[in-house]
A.B. asks: 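Questions regarding the structure given below will be posed in turn.
Just follow the structure's listing: the first ligand is 1, and inside any ligand the first atom is 1. Quick caveat: nothing in here was measured; it's all calculated off a predicted structure. What you see below is based on every heavy atom in this structure, not just the backbone, and it leaves out hydrogens, waters and symmetry mates.
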Amino acid sequence: MSTINEKVRCLIIGSGPAGYTAAIYASRANLAPVLYEGIQPGGQLTTTTEVENFPGYPEGVTGPQLMEDLKKQAERFGADIRMGIATAADLSASPYKITIDGEKTIETETLIICTGATAKYLGLADEAKYAGMGVSACATCDGFFYRKKRVAVVGGGDTACEEALYLAGLAKQVYLIVRKPYLRASKVMQERVFHTPNIEVLFEHNTVGLFGENGVEGAHLVKRLGEPDEEKVDIAIDGFFLAIGHKPNSDIFKPWLETDEVGYIKTLDGTPRTKIPGVFAAGDVADPQYRQAITAAASGCKAAIEAERFLLH
Ligand code: NDP
């Protein structure tokens with residue numbers, strides 16, 4: 001690791017609801033927090049459309065607007081918000097060392113990890129082959145390109161339903177490819193999907209490949225894969241959207257912190273404390289259960305309060 005360039009009391013990694021909320025609380029507690037925004041400034045909500053369930057917005061708010069508001073609120077209290085990605089960590093002893101962009105090393109008394117999670121892919125070779133040519137994990141980023149075209153969304157959770165509904169407003173036809181005979185999404189989202197005429201739900205279908213000359217022109221599916229009556233089905237589509245969940249961004253911390261089998265950082269007794277004193281994890285990187293903006297914000301708040309208490313001792 002390179003030489004120490006800066007020493008801080010409270011370093012926050014990540015700029016989703018957890019990171020910004022931690023920054024609001026830590027700056028109001030005079031911890032002079034430094035926050036690095038990471039790969040996706042504003043986090044996953046910047047790729048979503050309407051957020052209808054964040055308390056305090058009776059009419060809803062767009063994801064990017066909500067994140068901009070949280071950022072401004074943190075800056076109002078003096079949080080030092082910077083662009084940059086944490087590329088290495090040394091948590092072997094306090095103060096902890098975090099490398100930013102592979103070149104600068106910051107030493108910190110307390111660390112709040114809010115690195116969130118990243119969209120998962122099926123792992124098909126064709127996803128890489130058609131990356132940027134019809135394959136996407138973000139409908140709000142790329143949906144615009146599919147106006148009046150045909151698209152498929154893979155997944156049966158809330159994200160998949162949300163993406164399908166968003167795309168249904170743009171595209172001519174949306175297929176929702178669901179591997180089970182039912183949706184996992186909340187009832188309200190299911191109802192919306194079922195009542196949208198240009199969404200067709202393909203239950204018990206798995207995607208095994210994509211095809212097309214200069215970009216995606218269709219997908220090879222298998223209905224009831226592995227069953228005696230399994231059946232090959234091809235659909236013609238121009239866009240293929242993944243919405244099958246997320247992988248927590250915990251890789252650089254894994255040598256030091258305990259994670260579960262998926263990679264979520266394990267915290268102690270419902271708090272954001274990790275087994276390392278002064279190191280906290282908040283938001284989706286440590287939450288396999290709820291993964292909501294409001295729960296992430298709440299855990300960011302708790303982490304900042306924990307950091308403040310830790311520094312008092
Ligand atoms: P989920 O884990 O809830 O759902 C993932 C979906 O993808 C499941 O239907 C799963 O199928 C499917 N899937 C996973 N792997 C594969 C695979 N290899 N092939 C095919 N299908 C696969 O993730 P979400 O991102 O949808 O949601 C995460 C959390 O965020 C949830 O708690 C959700 O409620 C929340 N959320 C809430 C929103 C809201 O309230 N507005 C909006 C978006 C998310 P299977 O069911 O078979 O496991």
A.B. asks: If we ignore hydrogens and angles and just use 3.5 Å, is the side chain of Asp260 paired with the main-chain N or O of Gly263 as donor and acceptor?
C.D. replies: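 Indeed, once roles are kept as given, a pair shorter than 3.5 Å links the two residues.
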A.B. asks: What protein heavy atom lies closest to atom 43 (C) of ligand 1? Include the residue and the distance to one decimal.
C.D. replies: Thr159 OG1, 3.4 Å
A.B. asks: Hey, are Asp69 and Gln65 close enough side-chain-wise for a donor-acceptor pair under 3.5 Å?
C.D. replies: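 Note: Gln65 and Asp69 side chains meet the donor-acceptor criterion.
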A.B. asks: Between Gln292 and ligand 1, which residue portion shows a heavy-atom distance shorter than 4.0 Å: side chain, backbone, both, or neither?
C.D. replies: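 Near ligand 1, Gln292 shows its side chain, while the N, CA, C and O stay back.
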A.B. asks: How far is atom 48 (O) of ligand 1 from the closest protein heavy atom, and which atom is that?
C.D. replies: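 Result for atom 48 (O) of ligand 1: Arg184 NH2, 2.4 Å.
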A.B. asks: If you draw a 6.0 Å radius around CZ in Arg82, do more than 12 non-hydrogen atoms from other residues or ligands fall strictly inside?
C.D. replies: yes
A.B. asks: Assess Tyr182 for proximity to ligand 1: is some non-hydrogen atom of it under 4.0 Å away?
C.D. replies: no
A.B. asks: Hey, is Leu183 touching ligand 1 through its side chain, its backbone, both or neither, going by heavy atoms under 4.0 Å?
C.D. replies: neither
A.B. asks: Measuring from the heavy atoms of Lys120, does anything fall under 4.0 Å of ligand 1?
C.D. replies: no
A.B. asks: Distance to 0.1 Å, residue and atom name: give those for the protein heavy atom nearest to atom 23 (O) of ligand 1.
C.D. replies: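 It is Gly245 CA, 3.9 Å.
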A.B. asks: For atom 34 (O) of ligand 1, what is the nearest protein heavy atom, given as residue, atom name and distance?
C.D. replies: Asp158 OD2, 2.6 Å
A.B. asks: Indicate whether any N or O donor in one side chain lies under 3.5 Å from an N or O acceptor in the other, for Asp90 and Ser92.
C.D. replies: yes
A.B. asks: Considering only the protein, which heavy-atom contact is closest to atom 29 (C) of ligand 1, and what is its distance?
C.D. replies: Arg291 NE, 3.8 Å
A.B. asks: Using only heavy-atom distances, determine whether the side chains of Ser186 and Asp158 contain a donor-acceptor pair under 3.5 Å.
C.D. replies: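 The criterion, which ignores hydrogens and geometry beyond distance, is satisfied for Asp158 and Ser186.
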A.B. asks: For ligand 1, is there an N or O atom under 3.5 Å from any N or O atom of Asn206?
C.D. replies: no
A.B. asks: Ligand 1 versus Leu122, non-hydrogen atoms closer than 4.0 Å: side chain, backbone, both, neither?
C.D. replies: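 The part of Leu122 near ligand 1 is the side chain, not the backbone.
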A.B. asks: Mark up the atoms of ligand 1 that fall under 4.0 Å of a heavy atom belonging to Lys180, in ascending order.
C.D. replies: 45 (P), 46 (O), 47 (O), 48 (O)
A.B. asks: Can any side-chain N or O of Thr267 pair as donor or acceptor with the backbone N or O of Arg273 at less than 3.5 Å?
C.D. replies: no
A.B. asks: Report the nearest protein non-hydrogen atom to atom 42 (C) of ligand 1: residue, atom name, distance rounded to 0.1 Å.
C.D. replies: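 So the nearest neighbour among protein heavy atoms is Glu162 OE2, 3.6 Å.
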A.B. asks: Is the closest side-chain donor-acceptor distance between Thr115 and Asn249 under 3.5 Å?
C.D. replies: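 There is no such pair between these side chains.
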A.B. asks: Write out the residue and atom name of the closest protein heavy atom to atom 7 (O) of ligand 1, then the distance separating them to 0.1 Å.
C.D. replies: Ile244 CA, 3.3 Å
A.B. asks: Taking only Lys NZ, Arg NE, NH1 and NH2, and the carboxylate oxygens of Asp or Glu, determine whether Arg224 and Glu231 approach each other closer than 4.0 Å.
C.D. replies: no
